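Just below is one structure, and these are the notes that go with it.
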Amino acid sequence: GGGEGGGAGDSITVGFSQVGAESEWRTANTRSVKEALAPPEFNLRFSDAQQKQENQIKALRSFIAQGVDVIAFSPVVETGWDTVLQEAKAAGIPVVLTDRAVKVSDESLYATFIGSDFVEEGRRAARWVIEDSEGKPGPIRIVELQGTVGSAPANDRMRGFKEVIGEDDRFVIVRSQSGDFTRAKGKEVMEAFLKAEGGNIDVLFAHNDDMAIGAIQAIEEAGLRPGTDIRIVSIDGVRGAFEAMKAGKLNATVECNPLLGPQLAQLIRDVHAGREVPRRVVVEEGVFTQDQAEAELPNRKY
Amino acid sequence: MSHVLHAQGLRKRFGATVALDGAGLCLRAGEIHALMGQNGAGKSTLIKLLTGVERPDAGTVELDGRPIAPSSPLEAQREGISTVYQEVNLCPNLSVAENLHAGRYPRRFGLIDWRRVRAGARELLGRLHLDLDVDRPLASYPVAIQQMVAIARALGVSAKVLILDEPTSSLDEGEVQELFAVMRRLREQGMAILFVTHFLDQVYAVSDRITVLRNGTLVGEYTPGELPQAALVKAMVGRDVALAEGRADHAGIAADAPVVLEARGLSRRGALHTVDLQVRAGEVVALGGLLGSGRTELARLLFGLDRADEGTLLLEGARVDLRHPADAVERGLALCPEERKTEGIVAELSVRENIVLALQARRGWWRALPRSRQDELARHYVELLGVRTAGIETPVGALSGGNQQKVVLARWLATRPKLLILDEPTRGIDIAAKQEIMGEVVRLAREGMAVLFISAELEELTRLGDRIVVLRERRKAGELPGGSEGARVLDLIAGHA
Amino acid sequence: MATTDPDAQAPLPLHRRMLAHPLFWPLLALALLLLGNGLLNPGFLALEWRDGRLYGNLVDIANRAAPLVLVSMGMTLVIAARGLDISVGAVLAIAATVAAWTIGRMTAGGGTGLAPLFAAIGAALATAALCGLWNGVLVVKVGMQPIIATLILMVAGRGVAQLISGGNILTIYYPPYSFLGTGFLFGLPFPLYVAGALFVVLALLLDRTALGMFIRAIGHNPAAARVAGVRARAITLWLYVFSGFCAGLAGLLVSSNVASADANNAGQLLELDAILAVALGGTALAGGRFSLAGSVVGALIIQALTTTIYAIGVPPQVNYVVKALLVVAVLLLQSPEFRARVRALARRPARGGA
Amino acid sequence: MSAVPLRALLRGGGVARLWRDPRYASLAVTVSLFVAMSVAGGVLYDGFLRPQVFLNLLIDNSFLLIVAVGMTFVILTGGIDLSVGAVIAFSTVLLASLVQHHGWHPLPAIGAVLVLGTGFGALMGVLIERYRLQPFVVTLAGMFLARGAATLVSVDSIGIDHAFHVAVASLRIPLGGRTSISAGALIALLVVAVGALLAAKTRFGRTVYAIGGNVQSAHLMGLPVKRTLVQVYALSGFCSALAGVVYTFYMLSGYSLHATGLELDAIAAVVIGGTLLAGGSGYVLGTVFGVLVLGLIQTLIAFDGTLSSWWTRIAIGVLLLAFCLLQRLLARTGPAGGGGHG
Ligand SMILES: Nc1ncnc2c1ncn2[C@@H]1O[C@H](COP(=O)(O)OP(=O)(O)OP(=O)(O)O)[C@@H](O)[C@H]1O
Ligand SMILES: Nc1ncnc2c1ncn2[C@@H]1O[C@H](COP(=O)(O)OP(=O)(O)OP(=O)(O)O)[C@@H](O)[C@H]1O
Ligand SMILES: [Mg+2]
Ligand SMILES: [Mg+2]
């Protein structure tokens with residue numbers, strides 16, 4: 001380790017700043033990273049930002065002050081990183097981004113980015129909806145359960161979804177409301193949608209699985225059959241979603257893979273050794289549907 | 001002599017209560033003018049109308065012949081009216097110095113000059129011959145001092161009119177004389193001073209003119225010469241009142257009457273040194289002393305409000321350890337506290353609730369007094385003590401100061417205690433009501449209640465006490481039998497042996 | 001007092017008495033909100049009997065509001081005694097997690113029948129009450145300011161809940177538990193009975209015992225209450241315990257409703273909503289004056305607001321603005337000073353026109 | 001009868017008053033606990049006691065410090081302002097949007113933001129003062145409104161790349177020995193200085209204390225209660241907007257979800273700093289240490305670097321508890337006492 005504050009021997013001291021523990025997805029992500037960056041090879045400094053960008057910046061500053069070898073972090077949002085990344089660069093500490101990219105004026109401020117593409121996930125969900133509705137006449141009425149207003153996954157997933165679904169004029173998004181990424185809110189909002197639209201909803205698009213799981217309960221309580229009367233697609237691919245698919249209540253989930261620990265560890269090794277790394281490393285992800293659910297469920301770690 | 005302030009036909013109504021109806025007042029320059037009336041007669045309300053705290057429903061106020069209608073105390077101040085309201089109305093969290101200067105700070109480069117604030121404060125207090133640590137928060141001083149500070153603040157304004165609403169209620173003789181000296185000096189300088197009090201001798205000592213209010217209406221304006229005490233009382237009350245009979249049955253307590261409460265060597269650091277005290281059933285023990293002599297501290301220790309460092313307390317012969325006032329209340333003790341506003345009334349609760357509060361506390365929260373019993377108790381005491389209120393559901397805060405005091409008294413009488421500790425219970429109470437309250441105390445004692453009666457008034461001590469205990473500088477200075485001569489008590493209190 | 005006005009002593013006419021009732025304005029606000037919804041969306045106020053159950057938005061609002069109603073009742077009493085409890089959201093999350101964890105443990109261990117249900121309820125409520133006790137001790141015994149004392153549990157409590165859940169959302173696969181949050185009894189959702197029962201018990205307790213008077217005395221003037229022999233500190237301590245207990249009950253309803261416990265998100269920002277409900281209901285946040293029924297109405301207003309926002313279908317970015325404007329409108333409606341000003345404005349042009 | 005004994009006694013009470021004066025005692029306790037905590041951090045973690053770590057406390061908490069100063073005044077009157085975090089977010093979004101999307105120069109944009117923030121605060125103040133609404137609910141509505149307005153301006157975060165803004169953001173004033181401080185921190189220190197002066201030495205500040213002590217009394221004493229109440233909320237609005245500006249220097253972005261929950265941090269900092277939530281007693285300087293203590297807790301956790309997300313939360317709670325317990329135990333008289341002159 002190069003830093004004074006670094007650990008023992010020649011292990012690599014990594015400062016990792018996580019967004020928080022706001023969802024199961026995030027918990028799985030943290031677990032994967034912690035397992036991959038274990039001693040003796042790594043000396044991990046972990047910091048939880050409780051979903052606040054200012055906390056992340058504070059954490060990065062403290063990593064710099066502690067003189068870690070490599071910094072890795074999952075940015076809460078895309079913008080606002082210039083200053084602190086400049087400081088890291090000045091201190092000679094390479095930075096690896098996970099989970100989402102940042103917008104900075106100078107691309108050399110970070111070494112590489114590994115993670116998913118939220119816009120692409122939205123597009124995939126839309127493509128699945130179009131495929132699923134092949135041959136059906138319009139108008140096909142969609143309701144959307146958005147994530148937390150303003151959060152990057154919510155903004156991007158909505159954008160990707162609209163971009164693709166907008167090309168087919170059979171589809172109309174009749175209602176769109178925020179369910180704050182939670183089951184409880186997802187259920188509450190869906191209840192209101194069902195009351196307002198009557199039975200007149202064909203498709204539900206939820207920005208994450210949890211809201212979809214909540215909404216499924218609302219649909220059932222209203223006396224409709226989720227997955228049949230209303231086709232449902234959501235994003236993330238957590239265990240609960242596979243259970244719901246197995247039970248025939250959820251139609252598809254777009255995977256957003258949190259288990260990028262091993263890939264991240266490799267990148268950190270390379271960056272630390274000064275090897276060339278690609279600017280962008282994509283995580284392997286897919287779209288799962290009901291017929292795959294049963295087989296896939298036992299493999300789900302989160 | 002010219003009229004400085006002239007009010008006529010003032011009318012003020014609060015909800016269903018008509019507080020003033022055709023009241024008036026005529027203040028001349030260079031006079032001390034006493035405003036007299038029973039509790040709830042409307043004195044404080046009249047003052048609030050003059051100084052912009054409340055707006056009159058009808059009537060006019062003229063200052064130097066020019067009509068004024070101040071809409072806030074600030075405006076009244078600007079017009080040259082400086083006021084001390086009945087309850088101390090200063091900010092407890094601010095220092096003494098700051099309370100004296102708030103709103104009119106000396107400044108330097110636009111910033112408050114604290115050095116001059118302090119110096120000015122000392123100077124103002126010096127006029128009343130007070131020497132306080134002006135940096136301490138006001139709340140750390142007893143009410144009497146707070147009252148003096150409030151007076152000093154009012155003196156600090158160069159005003160045409162000075163209004164003092166019961167400034168002497170908490171003060172003892174020495175302080176009162178200091179105040180009167182200042183008032184006389186200001187009179188010489190041509191200031192008009194309006195002065196409310198319930199002490200008749202004070203009225204005759206300083207005032208040049210007396211205005212009497214009754215039931216919110218103007219009875220008349222008199223000079224002290226034309227109005228002897230009995231006539232003044234009659235003007236206030238509306239009927240003849242027999243004044244100040246002595247107690248005939250002094251020392252009539254049987255020597256074998258059981259001791260209700262005994263304190264042995266009670267001490268608390270900085271408050272009290274090894275005080276012994278016995279109170280027997282059926283006995284009224286009067287407790288005298290100067291301001292700060294430790295009377296209130298003793299009462300608080302006996303009641304479990306403070307914990308003693310040393311000494312023991314025996315209740316009916318058994319040792320007790322009072323950790324909380326509730327312990328004392330459960331054992332049949334009662335303390336009518338000195339500080340009515342902070343420790344006495346709960347202003348927002350109704351008269352009924354205030355009266356039953358302690359009794360209910362003794363029964364515990366689970367066994368509620370039936371509502372009919374509450375009403376009955378409340379009505380009984382309202383009538384007994386002559387509380388002037390629109391009804392028993394009126395919030396106590398809407399009552400006049402003296403009537404609030406009666407409610408607190410009623411609360412403790414209602415618990416029918418074994419030992420009743422009264423810390424200056426007649427403060428702010430009018431002359432007629434005082435008679436009745438003292439009569440009630442004596443009656444209760446005859447029925448077997450033990451009473452500890454704390455008072456600053458010599459006359460009350462000698463008249464009521466079967467025994468007179470005197471504290472001086474936080475120690476017991478001595479004891480005298482009931483009915484002792486006033487002069488002897490006085491000597492013991494002041495320490496000239 | 002000099003004289004008492006004879007006409008003022010006569011009983012007020014009915015409409016005047018209604019206007020003077022402290023619950024009048026909160027209820028009016030609620031009614032206006034619902035009516036407004038009814039105008040925008042004719043089906044909104046409809047109630048329908050289907051499959052032996054009562055359906056409709058009104059039922060939904062009451063049902064959804066139940067957890068908030070519960071928490072607001074506990075909050076009302078704490079605030080009335082000059083306190084504050086901002087840990088209710090975290091306590092809700094803890095209780096929910098404890099319930100889910102207990103069920104998970106017992107059903108995995110082969111527990112069947114109703115044992116897991118009662119064990120979960122017992123464990124959750126006990127834990128929640130313990131949390132309340134913790135708050136109470138910090139406030140009453142240690143003498144910390146309520147906001148800081150409860151802030152500690154607010155911050156750490158979710159951590160504790162996540163510790164229990166391992167950071168996962170604990171899903172409950174045990175149908176009997178779902179009855180609490182989604183079951184129906186005599187055609188009405190079960191949460192209504194929970195909230196209703198607590199309200200009735202509490203209202204009776206406050207009315208038939210001296211508790212209400214003691215709490216008001218403590219809130220208005222703690223020193224005077226103490227001198228009068230009221231055990232102010234002990235009562236305050238128990239009020240915090242009660243507030244924790246209420247949050248625990250709410251936690252049961254919330255976790256049962258979605259058949260899962262989300263340690264991170266359950267009851268998020270609940271403390272703000274609860275305090276808002278209490279304030280809308282006419283309770284003074286400085287202590288003393290309180291209205292239990294008012295807080296219930298306040299909680300219903302808040303839920304009606306949320307449902308309104310969903311029903312009128314504004315884009316989610318606008319949620320907050322709509323909520324803010326509606327809250328301000330409700331507040332102004334309740335302000336006597338504001339109504340007086342409006343009346344004065346209304347009178348002026350009328351006079352000018354005449 | 002003479003009252004001489006009383007006077008003698010009162011003089012006696014003045015002896016050694018500095019030692020017993022709870023006003024200075026509670027501040028002293030807070031400061032010593034802060035020092036003790038730092039030393040403990042230094043023993044536990046390498047590199048903790050470096051000067052830059054402490055300067056970072058200022059740099060990273062500059063915006064919190066600024067809002068906390070405004071909040072101190074509000075709380076001193078016995079009120080509360082829950083809108084501060086949302087006003088920060090709104091200010092950052094508006095500023096970023098004006099600069100990036102509408103081509104404004106940052107300076108006029110900053111001016112506009114400050115004026116708007118102050119006006120917003122004043123508006124809440126008017127509602128509170130004129131219509132007797134409770135500060136808690138009015139500012140809660142204010143919080144909704146400001147957050148909502150921010151999302152209406154833009155749901156996405158907006159990066160700021162205007163040369164002037166970037167220059168200010170990356171400005172580091174060297175303090176020698178490889179330590180430096182940011183422009184935001186300097187602004188915060190300036191706000192603290194002005195705030196302390198305002199509280200201690202102006203009529204406005206003293207009226208704030210008087211209102212917190214007893215509103216009726218303040219009114220009867222002829223103090224300008226109404227005006228001051230409105231001014232206090234306007235000041236808090238101004239501080240929030242200024243904190244928003246400093247935030248954009250810190251982050252170079254505007255985002256509607258910035259500073260969520262910051263109002264609670266600010267209130268906690270003020271109260272930890274010894275100000276009574278009921279009003280009337282406290283110091284701006286105490287608030288500074290309240291902010292630093294909160295920052296220190298976070299720094300300790302960051303230096304530890306082994307805590308999971310939930311243990312992080314528990315650790316924050318435990319440290320907060322430890323601090324407040326010690327504070328209560330050491331300053332036995334507690335944060336009572338007066339609003340002094342400092
Ligand atoms: N010099 C003083 N400085 C601060 N507090 C004082 C002082 N003197 C008395 N006090 C407080 O004021 C209250 C009343 O004091 P104490 O019992 O000594 O007086 P007292 O004999 O009852 O006189 P009085 O009640 O007439 O003022 C007590 O709480 C006491 O602590
Ligand atoms: N704010 C108020 N609301 C309702 N009634 C009030 C209010 N203020 C005063 N009153 C009533 O007006 C009457 C006159 O009260 P005021 O305080 O003027 O009496 P006072 O002459 O000063 O009596 P005291 O000698 O007891 O101080 C009382 O009956 C009182 O109950
Ligand atoms: Mg009076
Ligand atoms: Mg006394």
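A note on names: the letters A, B, ... follow the listed sequences, proteins ahead of strands, and every chain is numbered from 1. Not measured: the values here are computed from a predicted model.
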Which heavy atom of [X] sits nearest to which heavy atom of [Y], and what is that distance?
| X | Y | result |
| --- | --- | --- |
| C/A324 | D/A141 | CB-O, 3.4 Å |
| D/L320 | C/L151 | CD2-CD2, 3.8 Å |
| C/I152 | D/G317 | CG2-O, 3.6 Å |

- prompt: Can you tell me if D/Q134 uses its side chain to pair, donor with acceptor, with the backbone of C/T283 under 3.5 Å?
  reply: yes
message: Between C/Q145 (side chain only) and D/L277 (backbone N and O only), is there a donor and an acceptor less than 3.5 Å apart?
response: yes
- prompt: Among D/I267, D/L127, D/T151, who wins on heavy-atom pairs under 4.5 Å with chain C?
  reply: D/T151
Please classify the contact of [X] with chain D as side chain, backbone, both or neither, using a heavy-atom distance under 4.5 Å.
| X | result |
| --- | --- |
| C/L138 | side chain |
| C/R82 | neither |
| C/V327 | side chain |
| C/I86 | side chain |

Contact class of [X] relative to chain C, heavy atoms under 4.5 angstrom:
| X | result |
| --- | --- |
| D/L319 | neither |
| D/V137 | both |
| D/A268 | both |
| D/L133 | side chain |

Are [X] and [Y] close enough that some pair of their side-chain heavy atoms sits under 4.5 Å apart?
| X | Y | result |
| --- | --- | --- |
| C/I148 | D/I272 | yes |
| D/Q327 | C/M144 | no |
| D/L329 | C/V142 | no |
| D/L82 | C/L272 | yes |
| C/V328 | D/F144 | no |

- request: Assess whether atom OH of C/Y320 is packed by more than 12 heavy atoms of other residues, nucleotides or ligands within 6.0 Å.
  value: no
query: Just wondering, are more than 12 heavy atoms of other shown residues or ligands nearer than 6.0 Å to CH2 in D/W311?
result: no
Rounded to the nearest 0.5 Å, how far apart are [atom1] of [X] and [atom2] of [Y]?
| X | Y | atom1 | atom2 | answer |
| --- | --- | --- | --- | --- |
| D/L140 | C/D273 | CG | CG | 7.5 Å |
| C/L163 | D/I314 | CG | CD1 | 5.0 Å |
| D/R132 | C/Q334 | CZ | CD | 16.0 Å |
| C/L285 | D/F136 | CG | CZ | 7.0 Å |

- prompt: Using a cut-off of under 4.5 Å for heavy-atom pairs, which of C/I147, C/L84, C/I275 has the most such pairs with chain D?
  reply: C/I275
message: Just so I understand: if I count every heavy-atom pair under 4.5 Å between each of C/R339, C/M154, C/Q317 and chain D, which residue has the most?
response: C/Q317
field: Plane angle bin for D/Y131 and C/F338 - parallel if under 30°, tilted between 30 and 60°, otherwise perpendicular
entry: perpendicular
Under 3.5 Å side-chain donor-acceptor pair for D/R313 and C/N264: yes
